[in-house]
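Below, chains carry the letters A, B, ... as their sequence lines are ordered, and counting in each starts from 1. All values below come from the heavy atoms of this structure, side chains included, with hydrogens, waters and symmetry mates left out.
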Amino acid sequence: MAEKKSVIVRVRRQAGPNERPHWEEFELASRPHMNVIICLRDIAERPITRDGKATSPITYDSNCLEEVCGSCAMVINGKARMACSALVDSLTQPIRIEPMTKFPVVRDLSVDRGVMFENLKRMRAWVPIDGTHNLGEGPRMSPDTQAKAYPLSRCITCGMCLEVCPQVNDNNQFIGAAIISQVRLFNLHPTGAMHARERLEAVMGPGGVADCANAQNCVQICPKQIPLTESIAEVNRQSIKQALLGWLFG
Amino acid sequence: MREPKIIVVGGGLAGLMAVIRVAEAGVPVDLFSIVPVKRSHSVCAQGGINAAKNTKGEGDSTAQHFDDSIYGGDFLANQPPVKAMCEAAPGIIDLLDRMGVMFNRTPEGLLDYRRFGGTLYHRTAFAGATTGQQLLYALDEQVRRFEAEGKVRKYEGWTFLSAVLDGTGVSQGICAMDLKTMEVRTFPADAAIFCTGGVGAIFGRSTNSVVCTGSAQSALLQQGVDYANGEFIQVHPTAIPGEDKLRLMSESARGEGGRVWVPQRPGDNRPPLQIPVDERFYFLEEWYPKYGNLVPRDIATRAIHKVVFEMKLGVGGDAAVYLDLTHIPREVLDRKLEGILEIYEKFLGVDPRVEPMMVFPGMHYTMGGIWVDNEHQATNVPGIYAAGECEYQYHGANRLGANSLVSCIWGGMVAGPASVKYAQGLSKGCESVDVSVFDRERRRQEQINQALLRQDGAENPITIWKEMGSWMTEHVTVVRHNQDLERTDAKLQELLERYKKINLSDRTQWSNQTLNFARELYNMLILARVITLGALARNESRGAHYKPEFPERDDPNWLKTTRASWKNGQIRLGYEAVDTSLVPPRPRRYDVAS
């Protein structure tokens, strides 16, 4: 009879933001098409470590499980990735699972990415409309513009581009590639473009586009293949133009 | 004049639209959501949003959209609200367009529209195959703008536990729990709008997100808010089976020309593209020549069940059929369907541009839900409103594809102003309610938490949840037999008994997800019974509800809405007439011209 295969998982645990982290190891029954989320659910159903100690289920963020909500980003075998699409068959064991390091840990693998939403606010990442009452159709847009903008609007705010960016650290408030790319998105929209100046002024502020040091890790890691470095270059160009000419025409 | 106060629970499309409308009216609004609202389940909607804009010269109209929706729903929906929704839909598309949704465009720079199930018109606007994501983001951005202006306060990472009802049964606010600190707190409000989505988790595995448990709906039911047509559950014909989730393969794949087939010969194990076309069985096209692959979902799902389980023609003898896009040019696929192709590729490691996908039906949408009136999205409890998938109003016995996004947004558009009007009409608001009313509800909820944390049994909540899910999926989805439904209800009652012995394995008071899940599980078990009992009672077949023992629609006896209520701790089923004042019911036959 074939030996039952198992999956060995090591999880970095932390009871709270100020608690000392520690590792726990688990042995799970291997099944076809397992992903890291299934591993975490197995542990919740039988919260016992590999050496037989009772423990608690692991706290983690997840929701859609198809890589579109952006919740379940974590560091798996040393690399930032979405847990739902991290297939066990493609991972070296023991699988090491850790929380992302650039955001405050809430508990275990759950982190607080609130800073990204705050920065979207600072960058005024929206199209200002006059109201929801009937004002007719929106502006016409060429298929080319749509094809350029749509990939940018698929950003899931997972935070992985911040996780891999050397400029995001304790000494720097860099807002990161995802947020800068949103500035580009809204400056591309015909109505959004009417308010490009406000966004450019914000993105030229502290932690803004000038803090990018061109490591280009963001574009490599992005699970949605968003052309983030292109966005940074474009927003940089717009900012320089704004800085040079803004006082003339502003 | 006093300043009213509104709460919205749930930050998907319906909730965000409700928030926008309340904030626009100048009324302060608090928004509660389990997840950051940008991660709500609306993000998973793929194919598009319906509106009869008639941009292809086909003679489409809102009247035709209305008729398709009523007919598609097998005449169970109250007609006036559906008519209002279909008439509002073109304006909703305009609004979303103004908000900056990156819809696909025609060469002239107009919005493009594609075909979807249950209609013969190009009526579905789309943004690639991630339309729900794009719509959710647009509304999220508008809400963020109001938040920056101080008009909206978000409570993300909070879960709703219960309504606060005063001695006369009027809602005066909500009781919620901070999922980080586990603090239980009450929030006074004149009106609360619930936009808490579908109930996928009750079926264990579904196309829904983790948060779609129906827990809020169930909690409200147990406080006296009626729940309608619970037995109507949509099983989507094309999903990728997975142990953690059934990943949706949008109907838009067929809207863009995708074809469903199986090998004609049972056990034909050749690779799909080596099977000649004349040895393939395109069963939907053969059985439904007019609609072909775009029959409504209940029809397509039952056809797949028949092919797999009765005719034994599933691919490789398994529960699977092919969804084939390989004849469509790569450029078209990438421009119109990339989002879903990427999902298939990432999770199965196979490129659907070169190899047909293997799919099978999966639980997808909750047609039933919180009972609301025909005009205001108001429930039977004063001060409580509902919009979006969590309510029952717009889809009857079967929802047409791409009608969900429009119903969510429309529901939010109606509920927002209706709640404001109600709040402004109150002579005394929530601030006049004695503090003891709030304290009592908070203590009641805290006691539930403490009891769960103290409990020391041998049952695991995940195990009970999985058992519930497999029973519900096996017996209360595509094909329903009364004997199995009775057994399922008995099983659910057994699980409720075992629930009393669950052990949380986590007794901490910080970010304790097990405690929250255990609370949701109880509510899921109650709502599972509502669904099962509704199905057991309804001895006919209508839309997604199919009983081989009663294979025909039975209008004389069953053209009525199921209305479940909670009386003395028990589920009670009642019935009320359906408003069919606009389109007289006619037989629903997609195999012949209608």
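The part of A:Ala125 that comes within reach of chain B is its backbone (N, CA, C, O), which places non-hydrogen atoms under 4.5 angstrom from that chain. The part of A:Arg113 that comes within reach of chain B is its side chain, from C-beta onward, which places non-hydrogen atoms under 4.5 angstrom from that chain. For A:Asp144, no part lies under 4.5 angstrom from a heavy atom of chain B. For a residue to count as touching a neighbouring chain, one of its non-hydrogen atoms must lie under 4.5 Å from one of that chain's; by this rule B:Leu348 does not touch chain A. Contact annotation for B:Val211: both backbone and side-chain heavy atoms come within less than 4.5 Å of a heavy atom of chain A. Heavy-atom distances place no part of B:Leu96 under 4.5 Å from chain A, backbone and side chain included. There is no contact between A:Leu152 and chain B, counting heavy-atom distances below 4.5 Å. Within the 4.5 angstrom heavy-atom criterion, only backbone atoms of B:Thr106 (N, CA, C, O) approach chain A. Proximity to chain B (any heavy atom under 4.5 Å) is shown, for A:Pro128, by both the backbone and the side chain. For B:Arg21, the part lying near chain A is the side chain, with the backbone staying farther off; criterion is any non-hydrogen pair under 4.5 Å. Using a 4.5 Å cut-off between heavy atoms, B:Glu342 touches chain A through its side chain atoms alone. Only the side chain of B:Thr514 comes within contact range of chain A, judged by heavy atoms closer than 4.5 Å. Contacts of B:Asp140 with chain A are absent, with no heavy-atom separation under 4.5 Å from either backbone or side chain. Residue B:Gln46 touches chain A through its side chain alone, counting heavy-atom pairs closer than 4.5 Å. The contact between A:Leu65 and chain B is made by backbone and side chain atoms together, counting heavy-atom distances below 4.5 Å. In this structure, the portions of A:Tyr60 lying under 4.5 Å from any heavy atom of chain B include both its backbone and its side chain. Heavy atoms closer than 4.5 Å to chain B are found in the backbone of A:Ile58, but not in its side chain. With a 4.5 Å cut-off on non-hydrogen atoms, A:Cys155 touches chain B through its backbone but not through its side chain. Contact of A:Pro47 with chain B is made through the side chain alone, with heavy-atom distances under 4.5 Å. In this structure, no portion of A:Ala147 lies under 4.5 Å from any heavy atom of chain B. For B:Pro107, the part lying near chain A is the backbone, with the side chain staying farther off; criterion is any non-hydrogen pair under 4.5 Å. In this structure, the portion of B:Asn460 lying under 4.5 Å from any heavy atom of chain A is its side chain and not its backbone. Neither the backbone nor the side chain of A:Glu19 comes within contact range of chain B; no heavy atom of the residue lies under 4.5 Å from a heavy atom of that chain. Neither the backbone nor the side chain of A:Ser90 comes within contact range of chain B, judged by heavy atoms closer than 4.5 Å. Contact of A:Arg124 with chain B is not made at all, since no heavy-atom distance falls under 4.5 Å. Of the atoms belonging to B:Phe517, not a single heavy atom falls under 4.5 Å from chain A. Residue B:Lys154: no heavy atom, backbone or side chain, is found under 4.5 Å from chain A.
Put simply, the side chain of B:Glu147 never gets that close to the backbone of B:Val152: no donor and acceptor are under 3.5 Å apart.
Here B:Gly100 is the residue among B:Pro36, B:Gly100, B:Gly157 with the most heavy-atom pairs under 4.5 Å with chain A. Most heavy-atom pairs under 4.5 Å with chain B, from the set A:Ser85, A:Cys84, A:Ser153: that is A:Ser153. For the options B:Leu248, B:Asp244, B:Leu504, B:Asn104, heavy-atom pairs under 4.5 Å to chain A are most numerous at B:Asp244. Heavy-atom pairs under 4.5 Å with chain B were tallied for A:Lys224, A:Met34, A:His189; the largest tally goes to A:His189. If you tally non-hydrogen atom pairs under 4.5 Å between each of A:Glu67, A:Met141, A:Arg41 and chain B, the highest count goes to A:Met141. Most heavy-atom pairs under 4.5 Å with chain B, from the set A:Val106, A:Leu188, A:Thr191: that is A:Val106. When the candidates A:Ser142, A:Ser62, A:Gly70 are compared by the number of heavy-atom contacts under 4.5 Å with chain B, A:Gly70 comes out ahead. The candidate from B:Glu141, B:Arg98, B:His41, B:Arg39 with the greatest count of non-hydrogen atom pairs under 4.5 Å with chain A is B:Arg39. Contact count versus chain B (heavy atoms, under 4.5 Å) is highest, among A:Arg46, A:Glu137, A:Glu118, for A:Glu137.
Counting heavy atoms from C-beta on, the side chains of A:Phe103 and A:Leu162 come closer than 4.5 Å. Contact check for A:Phe26 versus A:Arg50: no side-chain heavy atoms found under the 4.5 Å cut-off. For the pair B:Glu338 and A:Gln225, the minimum side-chain heavy-atom distance is 4.5 Å or more. The shortest distance between side-chain heavy atoms of B:Lys245 and A:Asn35 does not fall below 4.5 Å. Side chains of A:Leu185 and B:Met102 form a contact here, defined as non-hydrogen atoms less than 4.5 Å apart. B:Leu453 has its side chain within reach of B:Asn512: a pair of non-hydrogen atoms, C-beta onward, lies under 4.5 Å apart. The shortest side-chain heavy-atom distance between A:Arg199 and A:Gln238 does not fall under the 4.5 Å cut-off. In this structure the side chain of A:Met123 never reaches within 4.5 angstrom of the side chain of A:Gln182, judged on heavy atoms.
Counting non-hydrogen atoms of neighbouring residues, nucleotides and ligands closer than 6.0 angstrom, the NZ atom of A:Lys121 exceeds 12 such neighbours. Within 6.0 Å of NE2 on A:His33 lie no more than 12 heavy atoms contributed by other residues, nucleotides or ligands. No more than 12 heavy atoms of other residues, nucleotides or ligands shown are found within 6.0 angstrom of CG on A:Asp130.
Cation-pi geometry between B:Arg247 and B:Phe347 is satisfied (NZ or CZ under 6.0 Å from the ring centre, within 45° of the ring normal).
A:Thr49 and A:Glu24 share no donor-acceptor pair across their side chains, judged by distance under 3.5 Å alone.
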Hey, mind stepping through A:Glu66 and B:Lys346 against salt bridge (charged side-chain N to carboxylate O under 4.0 Å, His left out) and telling me if it holds?
CA-CA 9 Å; A:Glu66 56 190 49; B:Lys346 277 204 179 165; over 6 Å; no
Check step by step if salt bridge (charged side-chain N to carboxylate O under 4.0 Å, His left out) holds for A:Glu230 and A:Arg184.
CA-CA 10 Å; A:Glu230 221 177 80; A:Arg184 180 185 178 208; 3.3 Å; yes
Does the pair A:Asp112 and B:Lys180 meet the rule for a salt bridge (charged side-chain N to carboxylate O under 4.0 Å, His left out), with working shown?
CA-CA 10 Å; A:Asp112 181 356; B:Lys180 216 185 274 183; 3.7 Å; yes
Evaluate salt bridge (charged side-chain N to carboxylate O under 4.0 Å, His left out) for B:Asp506 paired with A:Arg107, printing each intermediate quantity in order.
CA-CA 13 Å; B:Asp506 184 353; A:Arg107 179 176 170 182; 2.9 Å; yes
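The two atoms that bring B:Leu16 and B:Leu139 nearest to each other are CB-CB, 3.8 Å, heavy atoms only. Smallest separation of non-hydrogen atoms from B:Gly200 and B:Asn208: N-OD1, 2.9 Å.
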